[in-house]
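The structure under discussion appears below in the form of structure tokens.
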Number of protein chains: 2
Amino acid sequence: MGTQYQGTKAEIQALATYIKLVRATESVSNRIHRHLATTGLTASQFGVLEALLHLGPLMQRQLAEKLLKSGGNITMVIDNLEKRGLVKRDRQAEDRRCITVCLTPEGEQLIQNLFPTHVAAVLAEMSSLTESEQEELGRLCRQLGKRE
Amino acid sequence: MGTQYQGTKAEIQALATYIKLVRATESVSNRIHRHLATTGLTASQFGVLEALLHLGPLMQRQLAEKLLKSGGNITMVIDNLEKRGLVKRDRQAEDRRCITVCLTPEGEQLIQNLFPTHVAAVLAEMSSLTESEQEELGRLCRQLGKRE
DNA sequence: AGATTTTTGTTAGATGTCAAACTATTCAAT
DNA sequence: ATTGAATAGTTTGACATCTAACAAAAATCT
């Protein structure tokens, strides 16, 4: 059994490109995050810590936007980071709806130590491409992501 | 607060390209799968049905490989598809460890109806790029995914 | 044949993820 | 000022996802 899809040339091209894009991104991301396993951090938790390190304290809403995740999801990720003592929640006095999330000293220590390894992993992965190929890839991705 | 990362040019380039790749892939995938919401199917369930449609009945292990997911995960996705009566499990007589998953008539009907919409969505997304840009993107992705 | 290893699938426990319903608080408009 | 709309977080329920531990069956080895 198994039906082969009969489509136009443009459809077949689009499908093939899309599959390659998704596969490559998954493979690369998985390899880049592999080193996190030893730290007990998940990719999402790492993402939050990294954002806080480079952008400073943020509200949960802002974190959700940066990381393209839902608000409910961020609540849980922050919960788990807070349990481990890596971040702290601070309800704001000016607007009591808002909660600012910031790194604890332990959290900052951890992400500071981890980040260079992350950069090295990203560099290693992207080294499959030359500098100008990376630029071209970036350009194509920007083009793709545009609309909405 | 907020520390800016001081890295070499190559590191900064690699990080920027990686971010763009991940963001673009997420955006495009989310938009492509948006139409599934009306059907109550998840992206994973759609992936299984599509694989079964185009490749015919498969063992769970093969599905896990095709979709790059863990065996435990496939068990649950198939469970949920089976509850809805879209697929059927068949224990094999020759090798009683193996279970072959195949589409039920309802499942085949559904995926047959859905697939053209999916193709149209993929085509629409990829139309941000010209044909030769898509080829180039595919080439760069293949290059990236290589190692392991 | 009998013991060991490998393969296939399931289960358990933890985290992630979303959408939708809900609470609390602030803002806006009449 | 009271009401109504918008915003920030939380909770809930369902599904996804992984790893690790498990069970059953088959393959391999001695």
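Here is how names work: the chains are called A, B, and so on, in the same order as the sequence lines, proteins then strands, and each is numbered from 1.
To the nearest angstrom, C1' of dT17(D) lies 16 Å from CG of Leu63(B). For Leu68(B) and dT19(D), the CG to P distance is 13 Å, given to the nearest whole Å. Glu82(A) has its CD atom 13 Å from the C1' atom of dT10(D), to the nearest Å. Atom CG in Leu67(B) sits about 13 Å away from atom C1' in dA16(D), given to the nearest Å.
Distance from the side chain of Arg97(A) is smallest for dA24(C) among the nucleotides dA24(C), dT10(C), dT17(D). With dT15(C), dA16(D), dG9(C) as the choices, the nucleotide that has an atom nearest any side-chain atom of Gln45(A) turns out to be dT15(C). With dG16(C), dT10(D), dT17(D) as the candidates, the nucleotide lying closest to the side chain of Met76(B) is dT17(D). The listed nucleotides are dA16(D), dT10(C), dG16(C); the one nearest the side chain of Gln60(B) is dT10(C). Each of dA16(D), dT10(D), dG16(C) was ranked by its minimum atom distance to the side chain of Ile99(A); first place goes to dT10(D).
Mapping Gln62(B) and Asp95(A) onto DNA chain C by nearest heavy atom places Gln62(B) at the nucleotide closer to the 5' end. In this structure, Gly71(B) and Leu58(A) both approach DNA chain D, and ranking their closest nucleotides by distance from the 5' end singles out Leu58(A).
Between His118(B) and His33(B), the two ring planes are parallel [angle under 30°; tilted spans 30° to 60°].
No salt bridge links Glu26(B) with Arg23(B); every basic N to acidic carboxylate O contact stays at or beyond 4.0 Å.
Here the side chain of Thr100(A) pairs no donor or acceptor atom with the backbone of Pro57(A) at under 3.5 angstrom.
A heavy-atom distance below 4.5 Å is not found between the side chains of Gln45(B) and Leu49(B).
For Arg96(A) against dT25(C), no side-chain N or O and base N or O form a donor-acceptor pair under 3.5 Å. Counting atom types as modelled, Arg61(B) pairs no side-chain N or O with a base atom of dT8(C) as donor and acceptor under 3.5 Å.
Neither OP1 nor OP2 of dC18(C) sits under 4.0 Å from any side-chain N or O of Arg34(B). Residue Ser44(B) has a polar side-chain atom (N or O) positioned under 4.0 Å from OP1 or OP2 of dT17(D). Between Thr42(A) and the phosphate of dT15(C), there is no side-chain N or O to OP1/OP2 separation shorter than 4.0 Å. When the side-chain nitrogen and oxygen atoms of Ser70(B) are compared with OP1 and OP2 of dT17(D), none of them lie within a distance under 4.0 Å. For Asn80(A), a side-chain nitrogen or oxygen approaches OP1 or OP2 of dG16(C) to under 4.0 Å. Contact check, Asn73(A) against dG16(C): no side-chain N or O comes under 4.0 Å of OP1 or OP2.
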Report the C-alpha distance between Leu137(A) and Met126(A) in whole Å, list the side-chain angles of each, state the deciding distance to 0.1 Å, and finish with yes or no for side chain to side chain contact (heavy atoms under 4.5 Å, CB included). CA-CA 11 Å; Leu137(A) 178 58; Met126(A) 300 310 287; 4.2 Å; yes
